Amino acid sequence: MKILVTGGAGYIGSHTCVELLNKNYDVVVIDNLSNSSEESLKRVKNITSKSLSFYKADLLDKKEITAVFSDHKIDAVIHFAGLKAVGESVMIPLKYFHNNITGTLNLLEVMNDFNTKNIVFSSSATVYGNPASLPIKEGFPLSATNPYGRTKLMIEEILQDLYRSDKNWNIALLRYFNPVGAHESGKIGEDPFGIPNNLVPYISQVAVGALSQVSIFGNDYDTPDGTGVRDFIHVVDLALGHIKTLPKLFTNPGVMIYNLGTGLGYSVLEMIKGFEAASNKKIPYKITRRRPGDIAACWADPAKAKAELDWEANKTLIDMCKDTWNWQKKNPTGYQKTQ
Ligand code: NAD
Ligand code: WQD
């Protein structure tokens with residue numbers, strides 16, 4: 001079985017490539033490296049002692065996608081490629097709509113041309129907006145609060161329309177909660193360009209001394225300690241969710257939708273404490289104003305994925321913090337300059 005992984009050099013993509021190779025899938029990666037480095041794929045090969053085919057190609061260029069499908073008979077696509085910074089999407093929405101939507105349309109058109117109609121799409125818990133109750137089930141109402149989230153919602157709808165028009169398509173919409181952590185080898189992990197937007201990469205850069213303190217965006221939420229609560233999920237558990245999805249995709253299920261989360265909520269303060277325990281470092285922090293657009297709490301009901309995919313997250317908060325720290329201390333400046 002040959003799987004095309006778009007965005008495979010990125011954070012979640014590289015971890016998924018490892019698990020695909022471990023399960024003996026053939027792997028082809030397309031990535032334009034706009035938010036990643038080819039070094040991640042070298043390390044994927046090193047971890048697995050297996051090879052993969054890499055194309056530095058842009059989903060905005062249909063000819064480049066066609067060339068990949070001409071070279072390889074692809075059985076299914078796992079589609080990670082996209083821009084993902086919420087704040088940036090508010091500033092430059094057209095870039096997000098163009099990259100994420102047009103890139104996906106190009107990919108789907110080429111898949112259609114080559115009669116490859118199996119796709120797993122990286123959706124996000126952001127499609128639930130501010131949920132009325134917790135935990136979040138797949139049938140909850142959907143809404144978007146920023147252009148990034150809107151691209152996810154629009155792509156989900158495009159894929160559902162595609163299936164309505166042609167029942168030969170098989171589509172998995174995987175709604176990820178908050179991916180964190182790194183491969184236990186410490187060879188691959190999250191390597192954000194510039195100052196991180198997300199909590200755990202920020203904490204980890206404070207721990208390694210690259211940043212001075214964490215700003216906690218509000219401690220007056222209606223949560224047990226007043227700070228935001230999220231369903232943090234280890235990236236390797238998340239990658240394994242894709243591995244469990246593929247066999248089901250090949251049974252012609254039509255459209256499937258799953259939450260990939262742990263079902264547990266941890267607060268910002270609990271994450272800082274967990275990271276202090278894992279790294280044996282003090283993490284200085286200060287309380288600042290709420291970040292516009294943030295919600296108080298969000299966690300998944302992952303029961304559907306457990307029942308239908310036989311998948312559940314197994315790694316703990318301490319695993320997430322330990323593995324992030326292992327990656328960060330071995331690679332204090334990410335993939336660019338390592339020890
Ligand atoms: P990432 O930025 O590390 O990976 C995305 C990859 O896609 C990058 O390597 C980037 O270079 C590539 N890419 C972007 N546009 C491209 C294009 N036009 N052509 C080819 N390659 C392109 O992000 P990630 O955290 O690994 O996220 C993967 C997917 O999961 C994204 O679609 C993201 O929206 C989604 N997601 C991420 C999170 C999260 O918190 N990390 C949560 C929910 C959903
Ligand atoms: C988590 C908590 C912050 C940084 C984002 C996207 C979402 C999805 C996952 C892609 C919140 C607090 C954060 C900091 C802080 N991505 N925080 N100080 O916002 O839950 O989700 O990533 O689909 O769409 O919105 O993740 O890690 O940014 O924040 O206090 O420096 O940490 O307020 O409560 P978020 P996050």
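First listed ligand is number 1; within each ligand, the first listed atom is number 1. Just so it is clear, the model here is predicted, and its values are computed rather than measured. Note that these values count all heavy atoms, side chains included, but never hydrogens, waters or copies made by symmetry.
When heavy-atom distances to ligand 1 are checked against a 4.0 Å cut-off, K152 comes that close only through its side chain, counted from C-beta outward. Under 4.0 Å from ligand 1, not a single heavy atom of N178 appears.
Looking only at protein heavy atoms, the nearest one to atom 41 (N) of ligand 1 is K84 NZ, 3.7 Å. Protein heavy atom at the shortest distance from atom 31 (C) of ligand 1 is F80 O, 3.1 Å. The protein atom (non-hydrogen) at minimum distance from atom 16 (C) of ligand 1 is N32 ND2, 3.4 Å. Among all non-hydrogen protein atoms, the one lying nearest atom 26 (O) of ligand 1 is I12 N, 2.8 Å. Nearest non-hydrogen protein atom to atom 10 (C) of ligand 1 is D31 OD1, 3.4 Å. Shortest contact from atom 15 (N) of ligand 1 to any protein heavy atom: N99 ND2, 3.1 Å. Atom 14 (C) of ligand 1 has as its closest protein heavy atom G82 N, 3.4 Å. For atom 34 (O) of ligand 1, the nearest protein heavy atom (residue, atom name, distance) is Y148 OH, 2.6 Å.
Within the structure, ligand 1 has S123 among the residues with a heavy atom less than 4.0 angstrom away. Using a 4.0 Å cutoff on heavy atoms, A57 counts as a contact of ligand 1. Within the structure, ligand 1 has P179 among the residues with a heavy atom less than 4.0 angstrom away. Distances from ligand 1 to the non-hydrogen atoms of E190 include no value under 4.0 Å.
Near L33, meaning under 4.0 Å from one of its heavy atoms, ligand 1 places the atoms 11 (O). Using a 4.0 Å cut-off to heavy atoms of S122, the atoms of ligand 1 that qualify are 29 (C), 30 (O), 32 (O), 35 (C).
Every residue two or more places apart in sequence or in another chain that forms a side chain to side chain contact (heavy atoms under 4.5 Å, CB included) with P284 is listed here: V206, Q213.
Of the possible donor and acceptor atoms, none in the side chain of N170 sits under 3.5 Å from a partner among the backbone N and O of F250. Y148 contributes no side-chain N or O that, together with a main-chain N or O of G87, makes up a donor-acceptor pair within less than 3.5 Å.
Counted by atom type alone, T262 and D231 present one or more donor-acceptor pairs between their side chains at under 3.5 Å. No hydrogens or angles considered: nothing links the side chains of N198 and R230 as a donor-acceptor pair under 3.5 Å. One side chain, N24 or K50, offers a donor N or O that lies under 3.5 Å from an acceptor on the other. Side-chain atoms of S36 and D31 form a donor-acceptor pair, as typed in the model, at a separation below 3.5 Å. In this structure, a donor-acceptor pair under 3.5 Å is present between the side chains of Y128 and N259.
Y221 has its side chain within reach of D294: a pair of non-hydrogen atoms, C-beta onward, lies under 4.5 Å apart.
Using a cutoff of 4.0 Å between basic side-chain nitrogens and carboxylate oxygens, E39 and R43 are scored as salt-bridged.
A 6.0 Å sphere centred on NZ of K63 holds no more than 12 heavy atoms belonging to other residues, nucleotides or ligands. Other residues, nucleotides and ligands contribute more than 12 heavy atoms inside 6.0 Å of the NZ atom of K304. Counted within 6.0 Å of NZ on K45, heavy atoms from surrounding residues, nucleotides or ligands total more than 12; the atom is thus considered enclosed.
Between N35 and ligand 1, an N or O atom pair is found at a separation short of 3.5 Å. Between L59 and ligand 1, at least one pair of N/O atoms sits closer than 3.5 Å.
The residue from G10, A81, S34 that puts a heavy atom closest to atom 7 (O) of ligand 1 is A81.
Near ligand 2, residues V86, S124, T126, Y148, N178, N197, N198, L199, S215, I216, F217, G228, R230, V268, R291, D294 each place a heavy atom inside the 4.0 Å sphere around the ligand atoms.
Of all heavy-atom pairs spanning M256 and Y258, the tightest one is CB-CE1, 3.5 Å.
For the ring pair (Phe, Tyr, Trp, His ring centres under 6.0 Å) with H242, the lone residue among Y25, F80, W311, F121 that qualifies is F80.
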